[in-house]
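Each chain gets a letter, A, B and so on, in the order the sequences are listed, and its residues count up from 1.
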Amino acid sequence: MAFNGHQRDDDIIDEDETPTKQPRSSKEMPGLCRNEPNNEAAAPAGRATTDRRTSNSTARHRKDSLKKSRPPFPWFGMDIGGTLVKLVYFEPKDITAEEEQEEVENLKSIRRYLTSNTAYGKTGIRDVHLELQDLTLCGRTGNLHFIRFPTHDLPAFLQMGRNKHFSSLHTTLCATGGGAYKFESDFRTMADLELHKLDELDCLIRGVLYIDSVVSSGPSECYYFENPTDPDRCVQRPYTLENPYPLLLVNIGSGVSILAVYSENNYKRVTGTSLGGGTFLGLCCLLTGCSTFEEALEMASQGESTRVDKLVRDIYGGDYERFGLPGWAVASSFGNMMSKEKRESVSKEDLARATLVTITNNIGSITRMCALNENIERVVFVGNFLRVNTLSMKLLAYAMDYWSKGQLKALFLQHEGYFGAVGALLELLHPS
Amino acid sequence: MAECGRVDSSTSRHTMDKSITLPPDEIFRNLENAKRFAIDIGGSLTKLAYYSTVQHKVAKVRSFDHTAKAASDKLYEISVQEEVTARLHFIKFENAYIETCLDFIKDHLVNTETKVIKATGGGAHKFKELIEKKLGLKVDKEDEMTCLIKGCNFVLRNIPHEAFVYAKHADSEFRFQTTHPDIFPYLLVNIGSGVSIVKVESEDKFERIGGSSIGGGTFWGLGALLTKTKRFDELLQLASKGQHTSVDMLVKDIYGGSYGSLGLTGDLIASSFGKSATAEKEFSKEDMAKSLLHMISNDIGQLACLYAKLHNLSRVYFGGFFIRGHPVTMHTITYSINFFTKGEVQALFLRHEGYLGAIGAFLKGAEEDNPNQYSWGENYAGSSGLMSVSPDMNPMQRARSGTFDMLEMDRLERQLVNLPLLQDPSSYIPDTVDLTEDALAREYWLYCFEEALDGVVKRAVASQPDMPEAAERAEKFRQKYRHKLQTLRHQPFAYGSLTVRSLLDTREHCLNEFNFPDPYSKIKQRENDVALRYYQKAVKSLEKLSWEERQFALVRGVLAVELKHFYLCALFFVDNSGVDIILGVMPFVRELLSRGTEVVLASNSGPALNDVTNGELQILTEKIAAMDSVIQAGLKEDRLTLVQSGSSSPCLDLSRLDKVLATVVRERKTDLVIIEGMGRAIHTNYYAMLSCESLKMAVIKNSWLADRLGGKLFSVVFKYEVPAGRPSLDSTALTPS
């Protein structure tokens, strides 16, 4: 991905860029919009641009080629997962008056709707704290918004797209995640939209590398926990992911994928596990009757897993020295629940906590084994399971550090679950 | 975790049923001679181990004193003697019977030297006081994992067909593995309430390299919460009836199909319990239990694979109460291992997995007896064999209560090792037909052995004319063996792969059990006597031999071509007494000797059918030597050697032979192996690959088998083989000096 390198050039070019005055009706635009010089409202006329390009300076040349490769607004990237749909939306802030004038109403309305609200319908949410401002993408400056809603509400989303005549914009909708495949025909039939389907792991890695490279102000994108094994001194610290490779990337969504990343384009999926965020929520719902991730996390934060789990000390009275197992280690997750009395004495909160601890520790130990097998020392955990889930992050940080005797470092990223969607957006702007 | 299924008292405490009466003939046998006790108390089952000596009758042959020769017209003297052999007893029963069992042991225990009982397992401390009070023995606790590994090493080394792979949908669910001569290194994944992953490198060197808290306790505990079902077995039952796809989020639920670029099929579980993240839907107990079972099995399988890969190990054994003979969990674990290693690693299970802790604890206590210096053999007569706990297959066995499972192992007189001439000891399979897999052959042979039973009983009675109670014992033998055959009909996998050899051996074990050590002894004696009278004549004129013996002349004819080569030493596994050995083998031995080839005659250590035993052969050879100078010289110059095979079977397992034999074979640079007879050359070793030239020969005395092999009844089979890639010795290169 050569994107980062171009960034500065784009900025320079942008300074003297003036939008042309030749509007193009969307009807004129062929489907292959990304190869055509056009943009949201006022794309330069193809022929005129071509003429100029052949005669002008190198800088001009670059600008034009940039324009040529620039897709029309709106710019979306979408990741349709098993549980959540993640949507990133680029809001251009450098729209000139002329541009605004020529902007079609649909486009305006979409922009206003997305940027003036933080919640959409009953379940859509914009993560305002993650918004990236003054971002320059493909020669345009604006804000990147991060929006999510449950996958089961996708029909409502499609209905909205239909109502807002999204399809009239003739944009390319880049989508990744399994849903891009599963719902492709729904997009077509319900909203008259064609999806440009992308591989989720490609997008994920592209997104991670991009976000990490562009976030410079505000809280550091990447962070870790200092003193993970000492609860009193455990603090979140920024981390600079300068030379990221090799890197183990653990994406915890409904399920878990573990990738070994050796360079931008060289990665492999090492393994995965079905015990992921979906398992945590699914089991919590069955065990406690809760129905949302937030509820489950809230309960977990108030519970005590040691009432549910059987610890080493419950069996050996202390450490199992023969094998170097500390007494506090969990010997059997939910092991105490084999006993009827204990089943009757635990609270829902305890069960939620035990579920969280079980799933998290398991991801930790599989990750650790992969890190050993792949000989990689840095692990980046992403995915929406970690959203507002400091408990799990600290547990992972602890587990990585303790069981590897300080060899492994657990890293986290602020934009947890959005990297796939970001990667999809990047694919729209810079087809690989 | 190391813990082997310790369970809270509430889940396992059943009423202490003191009213049960224990059948003393069947369980806790030989208690009067018992010493060295060990006990392994798990979550629901107790395993008791003890060592005892068994007295049984053996037939001995002895040459008559030359001075007293006139006193008898018999060739040699047969005497039945009492012999004391060592036996290990292992009994498994429900914890509910522990008190009853302890009382029973106390009442029958005579040996007062025993002061200590070795104990292991999570329940050991719970019952400590009870044991000390009832038996008056001091409970000495041993580390569980150490016991487990010790036990595992012991069964892997001593029980052929101990390990198996499980294939739910195959013709035979259990595919037994030939034990690799070197059992190390291996990975043991013990799934108790948690999981312990142990790397075993040698007898004394092992390391817990990892584990997981998601284990049997998680299945049980979480399962109980989700389904309100209390018992582990019931949870497994539920799981076997459920559909996990209604609870789990599959790849196709996310993708609409497969995730092609990663090769993930649509049916793969993407997120366990991913569909239950809703408050609106109800899920069936069965479906949840199934989903839970998959989740846990897959997780354990994945971790096991990661550890196996990291440590570069390909042999992975699974045990613990989560596995313990449950087809459901064996299947899901196997599936998981296959998935994660793409078939590179096989999930292996053990026939006596439940006994490992008890065996190990026993061995810890018996270190001064050096049990590991001996070879041990599973006694088919006294062992229950692997029971199917498949609910569909055998509903009776589901209700475990009241059943006592047993394993008995006999200490063998001699240490058993591989024949050094096996081309590849790790792939050597003695048996020609695996009746576990070949249903037609199984039917036939089980029928055969049942049909032959009357005759065997008659012969057994006839062999002890002076003993009035012989008929009664023979009847007991009949019942026992018939019962074994019935068991094997339903559970052919009970004692490992079912083979003609195992059927024959089981019969021998049962005969011994009822003190019929050698029903053929008198017949053999008579036939040897007759044959011996013809020896000189036979040697002089092979032409005058009867049909069967002529075959051996033919063999010589066949060999004549090859025997242009010079062999340093020929190892000859002999078969029957009488005409066969005296008029068939001996002239041939003579021939070899006179060509300058040394000969090692390997015969059975103990009696089996009418096979010549080492004891008999010693006498016969002496007699022949007296008539034949070639044989005499051979013996004198130590060019003719008689060795024991270490076996008491009509068949031959070349991976379990007397250590002395192996040494002799090596020292003499043996370059020709001759295996004779149906049992040794057809039922077993027909496909055995040796690293030197070999000849397998037999007369097919069974029409069904003749058909199978594409020949006629009484056809003679000669199989002369030269190891691949090795040309037979150039006659010019080596000539007898």
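- At a 4.5 Å heavy-atom cutoff, the contact between B:Phe283 and chain A is made by side-chain atoms alone.
- Neither the backbone nor the side chain of A:Cys284 comes within less than 4.5 Å of any heavy atom in chain B.
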Can you list the steps and then say if A:Tyr316 with A:Trp328 is a ring-ring contact (aromatic ring centres under 6.0 Å, His included)? CA-CA 11 Å; A:Tyr316 296 99; A:Trp328 52 259; over 10 Å; no
Test log, rule salt bridge (Lys or Arg N to Asp or Glu O under 4.0 Å), inputs B:Lys275 and B:Asp253: CA-CA 9 Å; B:Lys275 281 186 195 156; B:Asp253 292 321; 3.0 Å; yes
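- With hydrogens and angles left out, the side-chain atoms of B:Asp40 and B:Thr120 include no donor and acceptor closer than 3.5 Å.
- A 6.0 Å sphere centred on CD of A:Glu304 holds more than 12 heavy atoms belonging to other residues, nucleotides or ligands.
- Interface remark: of the candidates B:Gly221, B:Gly223, B:Gly256, B:Gly221 forms the most heavy-atom pairs closer than 4.5 Å to chain A.
- Considering only heavy-atom pairs separated by less than 4.5 Å from chain A, the leading option among B:Asp143, B:Thr278, B:Asn298, B:Val247 is B:Asp143.
- The backbone N or O of A:Pro155 lies less than 3.5 Å from no partner atom in the side chain of A:Asp186, so there is not a single donor-acceptor pair.
- Ring pair A:Phe323/A:Tyr320 is perpendicular by interplanar angle, where above 60° counts as perpendicular and below 30° as parallel.
- At a 4.5 Å heavy-atom cutoff, the contact between A:Leu201 and chain B is made by backbone and side-chain atoms alike.
- Residues A:Arg387 and A:Leu297 have side chains not in contact (no heavy-atom distance under 4.5 Å, counting atoms from C-beta outward).
- Taking B:Ser291, B:Gly274, B:Ser272 one by one and counting their heavy-atom pairs under 4.5 Å with chain A, the maximum is reached by B:Ser272.
- Annotation: maximal heavy-atom pairing with chain B below 4.5 Å, among A:Met337, A:Glu184, A:Lys182, occurs at A:Lys182.
- The aromatic rings of B:Phe321 and B:Phe232 lie perpendicular to each other, with more than 60° between the two planes, well past the 30° mark.
- Comparing A:Gly178, A:Gly81, A:Gly276, A:Ser365 by how many heavy-atom pairs each has under 4.5 Å with chain B, the most go to A:Gly178.
- For A:Glu200, the parts sitting under 4.5 Å from any heavy atom of chain B are the backbone and the side chain alike.
- Ring pair A:Phe183/A:Phe187: centre-to-centre distance not below 6.0 Å.
- Looking at B:Leu292, neither its backbone nor its side chain comes within 4.5 Å of chain A, counting heavy atoms on both sides.
- In this structure, A:Thr288 and A:Lys348 approach most closely via the heavy-atom pair O-NZ, 3.2 Å.
- Heavy atoms closer than 4.5 Å to chain A are found in the side chain of B:Leu303, but not in its backbone.
- Only the side chain of A:Glu374 comes within contact range of chain B, with at least one heavy atom under 4.5 Å from a heavy atom of that chain.
- Most heavy-atom pairs under 4.5 Å with chain A: of the set B:Val198, B:Asp248, B:Leu262, this distinction falls to B:Leu262.
- Using a 4.5 Å cut-off between heavy atoms, B:Met295 touches chain A through backbone and side chain atoms alike.
- Both the backbone and the side chain of B:Ala224 come within less than 4.5 Å of a heavy atom of chain A.
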